[in-house]
Amino acid sequence: MIESRPSELPYIERVWRSRSDDVGRMMSVATPHWELVFWEHRGRVQAAVLGPEAKASPAPVPEDAAFFGISFALGTSMPHIPVSRLVGSNAAIPDVTRRSLWLKGSAWHVPDYGNAEAFVRRMVREGVVDLDPLVPAVLDGARPDVSDRTLQRRFVAATGLTRGAVRQIHRARRAAVLLQEGAAAQEVVHRLGYFDQPHLARSLKRYVGRTATQLGAPDAAEPLSLLYKT
């Protein structure tokens, strides 16, 4: 089960935490957001920057581990770790303890669910993260006074993905939520603008890793709890 909350900071999409019990494997759904994740397992604390996921894939989950993560808003990036290199991958953060970590040559207190904003504010002050305002503006429907080529280049540089890929991921995640809530597949097709049910099926398989039937099953919520993280 994942607990999450929004944030007032424009740099943060959501803050989340969870604990694994007897789960040994889960379906990691596609997400356009990169994350900073901390976890403790058998007394050892680790941290990593997880890049965007362009497709769904099964992922191992250590048993009886506690997780905490900051999911960053689209357009936010770390210039010293280009997000384009992290798509479908991750970068481990070394020398992490329960109290401290090293980040870009400086010592930091390990954040938690309640003070994630303070941690990210320091990241902004020290230039560890940056935000390209063009990306959220475009996602909100604005038409910046730049060429399409410049827009696409800046969008990919800041997110690691194209605008089209981000739209498709968002649509598939929304479709999965509607199906879990009991909507019929044909209704989802019409509401979200898919061509037909086979088009919806291909999208779900690629980005969510489940069929419409599986998503509508009573026990479908747990394996896809990450749908609600971002």
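Below, all heavy atoms of this structure are taken into account, side chains as well, without hydrogens, waters or symmetry copies.
E117 and R121 are not joined by a salt bridge, as no carboxylate oxygen comes within less than 4.0 angstrom of a charged side-chain nitrogen. Looking at R98 and E40, a side-chain N of the basic residue comes within less than 4.0 Å of a carboxylate O on the acidic one, giving a salt bridge. A salt bridge is absent between D64 and R42: the closest approach of a Lys/Arg side-chain nitrogen to an acidic carboxylate oxygen does not fall below 4.0 angstrom.
Between I70 atom CD1 and W34 atom CH2 the span is 8.5 Å, to the nearest 0.5 Å. With rounding to the nearest 0.5 angstrom, the CZ atom of F67 is 9.5 Å from the CZ atom of R19. Going from atom CD of Q197 over to atom CG of L204 covers 10.5 Å, rounded to the nearest 0.5 Å. We find the CZ-CE distance between R210 and M27 to be 4.5 Å, quoted to the nearest 0.5 Å. In this structure, CG in L50 is found 5.5 Å from CG in N90, a value given to the nearest 0.5 Å. Once rounded to the nearest 0.5 Å, the distance linking CE of M123 with CG of D130 reads 11.5 Å.
Between the side chain of R173 and the backbone N or O of A30 there is at least one donor-acceptor pair closer than 3.5 Å. At least one donor-acceptor pair closer than 3.5 Å links the side chain of S20 to the backbone N or O of A65. Side-chain N or O atoms of S77 include none that pairs as donor or acceptor with a backbone N or O of P79 at under 3.5 Å. Between the side chain of H109 and the backbone N or O of S100, no donor-acceptor pair lies under 3.5 Å. Judged by distance alone, with hydrogens and angles left aside, the side-chain atoms of R5 form a donor-acceptor pair with the main-chain N or O of Y113 at under 3.5 Å. Checked by atom type and distance alone, the side chain of N115 pairs as donor or acceptor with a backbone atom of D112 at under 3.5 Å. Between the Q214 side chain and the T211 main chain, a donor and an acceptor come within less than 3.5 Å of each other. At least one donor-acceptor pair closer than 3.5 Å links the side chain of T159 to the backbone N or O of F155. Not one N or O on the side chain of D140 forms a donor-acceptor pair closer than 3.5 Å with the backbone of A142. Between the side chain of H41 and the backbone N or O of A66 there is no donor-acceptor pair closer than 3.5 Å.
By the criterion of side-chain heavy atoms lying less than 4.5 angstrom apart, applied directly or through intervening Ile, Leu, Val, Met, Phe, Trp or Tyr residues, W39 is grouped together with I2 in one hydrophobic cluster. A single hydrophobic cluster is seen to contain both I12 and I81, as judged by linkage of ILVMFWY side chains at heavy-atom distances under 4.5 Å, directly or through other members. Under the 4.5 Å side-chain contact rule for hydrophobic residues, V166 and V156 do not share a cluster.
Annotation for D132 and A158: closest pair CB-CB, 4.2 Å, computed over non-hydrogen atoms. For the pair A47 and F38, the tightest heavy-atom approach, listed with the atom from each and the gap, is CB-CD2, 3.5 Å. Contact detail for A56 and G209: the closest heavy-atom pair is CB-N, 3.5 Å. Residues L200 and A175 approach most closely at CD1-CB, 3.9 Å, considering heavy atoms. Residues L161 and P52 approach most closely at CD1-CB, 4.1 Å, considering heavy atoms. Considering all non-hydrogen atoms of both residues, A172 and V208 come closest at O-CG2, 3.8 Å.
In this structure, R171 is positioned above the aromatic face of Y194, its NZ or CZ under 6.0 Å from the six-membered ring centre and within 45° of the axis.
No more than 12 heavy-atom neighbours from other residues, nucleotides or ligands sit within 6.0 angstrom of CG on D145.
Annotation: W108 is in aromatic contact with F119 [ring centroid separation under 6.0 Å].
Residues meeting the salt bridge (Lys or Arg N to Asp or Glu O under 4.0 Å) test with R153, sequence neighbours left out: none. Partners of R163 according to the salt bridge (Lys or Arg N to Asp or Glu O under 4.0 Å) rule, which considers only residues two or more places apart in sequence or in another chain, do not exist here.
In this structure, a donor-acceptor pair under 3.5 Å is absent between the side chains of S71 and R14.
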